[in-house]
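Numbered from 1 within each chain, the chains take letters A, B, ... in sequence-line order.
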Protein chains: 2
Amino acid sequence: MTDLPRTRRTLSAGVGNSNDQTRRHNLSTILTMLHHDGAQTRARLTRLAGLNRSTIGALVAELVDLDLAYETEPAESGLVGRPSPVVHPNERIAAITINPDVDAITVGVVGLGGVLHRSIRSPTDAVPTVQQSVDVASGLVRGLQAELDAGFRVVGVGIAVPGLVNSRDGVVTLAPHLGWRDADVVTPFAAALGRPVTVANDATLATVAESLFGAGRGVHDLVYLNGSASGIGGGVLAGGSMLRGAQGYSAELGHTLVNSAGIRCHCGKTGCLETEVNLGRLQAVLGHSGAGLDELDALIAAVPDARQEIDRQLDVLALAIGNFVSIFDPESIILGGFLGSLYEANPARLRASVDALSFTGQAQPVRLERAQLRSRLLTIGAAELVLAGLLDDPAGTAF
Amino acid sequence: MTDLPRTRRTLSAGVGNSNDQTRRHNLSTILTMLHHDGAQTRARLTRLAGLNRSTIGALVAELVDLDLAYETEPAESGLVGRPSPVVHPNERIAAITINPDVDAITVGVVGLGGVLHRSIRSPTDAVPTVQQSVDVASGLVRGLQAELDAGFRVVGVGIAVPGLVNSRDGVVTLAPHLGWRDADVVTPFAAALGRPVTVANDATLATVAESLFGAGRGVHDLVYLNGSASGIGGGVLAGGSMLRGAQGYSAELGHTLVNSAGIRCHCGKTGCLETEVNLGRLQAVLGHSGAGLDELDALIAAVPDARQEIDRQLDVLALAIGNFVSIFDPESIILGGFLGSLYEANPARLRASVDALSFTGQAQPVRLERAQLRSRLLTIGAAELVLAGLLDDPAGTAF
DNA sequence: CGCGATATGTTTCTCGAACGAACAGAGGAT
DNA sequence: ATCCTCTGTTCGTTCGAGAAACATATCGCG
């Protein structure tokens, strides 16, 4: 995950490991397991981590001490031997998430373990500026303040922005649909909310979320493709870690070539995936230009005449997926947004087209799946951005 | 040092860190620095690793004890303070490398530090089978045996194969130009040579080599593209680690779409990069069908009429690079084989075409570079395959 | 119901890795 | 010649993990 510029514990930029770092690594490992895989018995943690049970005892005790985890009575296991207490991630350790979009701003509260505590969507009259987003979001957070004070420990704020984001600087280089360009978002949000703020690209965060809590659980190599009104974004998990790129702009998968005789894309290139596979063109044949993504499945089922356009888009999508398979050799391709609806409309066709184009995948054909998290996607992804800092160094983030 | 029963250091598949692993990690870090960046003073190692100087002293002593490094008198530095001894990687710790190809089998000996000690190319009458490759290679190794016994410690054997390789099983799934299919290569080579053998895809190893010892030094995100008579292969370094894929078949970059109206590729798809950018078509306009890669630069300079075809291929190459930039956001694109010659023939054209197609790259345009290692490429890459095991656990690999 | 087998928590001791402080050595600077 | 600075060396300290012995809770069985 992102390296949060957390000003504490300088860590000396060295690559060597001291003893402190062993402890840190092990605390991080345990807490990460609890967060991603849910509550576990201490005995199971011992096996998973491969450490001595007295060590696990000490590690769990430290996490409990830090209020990051708690233990409950052993569950009825029916097995012989002394029952092992269940260790839970403390779901009241939370991240605030913000997702500014063209028509609304969504604020959420997500706890350790990926628990979605709250999610509030506030529609906007027009496409919001950065300042308007700050105002709306901080208003929503103020409304939650009493609740948060009552029982949560907020670790930080994560923002998912639909556009190119330089996470390190907290600057949105270009978010075409929001009209943001070279906009420092971290500073104003941090000023308004008084908490550490981190930003990242929405598709990247969606990929993280699906890989940890959705269709990509346990998969180490996957390509996530998301189709929205604003185009096609994506993210890639390669060997268990997110593809970032030198400047953090990787995985602009909607801007890869699928048709050299195609039309010019707003990005300047020709025949990009998102000019051919496109919500607008789908809505046109469905006769509903303003249909939301939620209604899309039903709408597709109701308009049989749309089949031809759907199949055309699926065939083009297969071309792109064929490329991604050659490039990444992923275990799974996960389709979100309207691409999920498209896939569901005719899974066999996409399957067949992709198989016909996969020459490396013969041994073990790539899995095609629809994304699972739907509306929770970005909220959970943005929370991961914040919680990753805590997971990385559970004892270091003092409050 | 401790003469523990070096049975294997079970490592228990756990993700937790014990103290042993701290030591292992630090030894690995130091030795890796020496191998990749060359000899260093102890004081410099201390700064780079961020460890205490007494710790570095102990680590270096252990490496010297293991005969993996040696120290020499301090060099004239002209600086104040006590001079620091220079620590060298022991270049007589070596890997044997084997590179079977359609017309020859090359065997090499490479030492720590990336030193190429020997390289012998043995042309073959026909495309070699696995067994013929084993015979030729073990013959060549036997010829070197006396020399090796005299002063080298051979860690293992690394094989670079032009095709899809499952490194884990040591099986070549498909090497079209060699005609190998589902061939277990590790077993016969290991039997003939009596040493541990590892196999990997040649383009992957070339990428490793260029990134460590060639044009990609110090770069963490790069795409390497290699053009040979058999097509275009590639490798990707993302965030400092090689892209592998779920089955190890990633980075088949020659089989990505560049022309939807193109011709059918042997892989079954249409309009692949390697059907358009192609040594055969280049040689056709140069009037030399059998020209080797070494003569290509001179030949291109001598045949001005070839310019049109060169520019066409460069433009197509730019399309593919534009895709790779959108997908990976690399810092650098490195061109090897005939793609290097192509680039050198008209660098400005490729530069301009790529810039016109790079929408994410605006901030910091991607670097375009020709590969540097040339004929040493695969030998050094294959050695890295073997040495990586030693670097990973310097004290664990007993002999 | 009591006993053994089994698995796991708990306590205590030991080992090992890195660190820090104090000292020693080797060069440059004055 | 003397001081300053940097680094190697030695030794005691700290801290994290492991191992062994013991304690505890459950199952299975007679």
> Is the base of dG16(D) touched by the side chain of Arg23(A) through a donor-acceptor pair closer than 3.5 angstrom?
Replying inline: no

>> Using OP1 and OP2 only, check whether a side-chain N or O of Arg53(B) sits under 4.0 Å from dC6(D).
In response: no

> Going by modelled atom types, is there a donor-acceptor pair between the base of dG20(C) and the side chain of Ser54(B) at under 3.5 Å?
Replying inline: yes

> Starting at CG of Asp20(B) and ending at P of dA17(D), how long is that distance when rounded to a whole Å?
Replying inline: 12 Å

>> Without decimals, in angstroms, what is the distance between Asn52(A) CG and dA7(C) C1'?
In response: 14 Å

> Under a 4.0 Å N-O cut-off, is there an ion pair linking Glu210(A) with Arg217(A)?
Replying inline: no

> Partners of Leu237(B) by side-chain contact (heavy atoms from CB on, under 4.5 Å), sequence neighbours excluded?
Replying inline: Ser211(B), Leu222(B), Met242(B)

>> Test your reading of the model: is there a side-chain donor-acceptor pair from Asp221(A) to the backbone of Ala238(A), 3.5 Å cut-off?
In response: no

What nitrogen or oxygen pairs link the protein and nucleotides 26-30 of chain D at under 3.5 Å?
residue	atom	partner	partner atom	Å
dT26(D)	O2	Gly81(A)	N	3.2

> OP1 or OP2 of dG18(D) sitting under 4.0 Å from any side-chain N/O of Thr55(A)?
Replying inline: yes

>> Pair His36(B), Glu384(B) - check side chain to side chain donor-acceptor pair (under 3.5 Å), show working.
In response: CA-CA 10 Å; His36(B) 291 161; Glu384(B) 202 58 28; 2.9 Å; yes

>> Does anything in residues 36-45 of chain A come within less than 4.0 Å of DNA chain C? Heavy atoms only, and list the residues if so.
In response: Arg42(A), Ala43(A)

> Once you round it to whole Å, what is the distance between C1' of dG16(C) and CD of Gln21(B)?
Replying inline: 14 Å

> Ser28(B) side chain to Leu391(B) main-chain N or O, any donor-acceptor pair under 3.5 Å?
Replying inline: yes

>> The criterion is side-chain contact (heavy atoms from CB on, under 4.5 Å); which residues satisfy it with Val186(B), sequence neighbours excluded?
In response: Asp184(B), Val197(B), Val199(B)

>> Restricting to side-chain contact (heavy atoms from CB on, under 4.5 Å), what partner residues turn up for His220(B), sequence neighbours left out?
In response: none

> His25(A) has an atom NE2; how far is it from atom C1' of dA17(C), in whole Å?
Replying inline: 17 Å

> Taking only residues two or more places apart in sequence or in another chain, which ones pass side-chain contact (heavy atoms from CB on, under 4.5 Å) with Arg44(B)?
Replying inline: Gln40(B), Thr41(B), Arg47(B), Leu48(B)

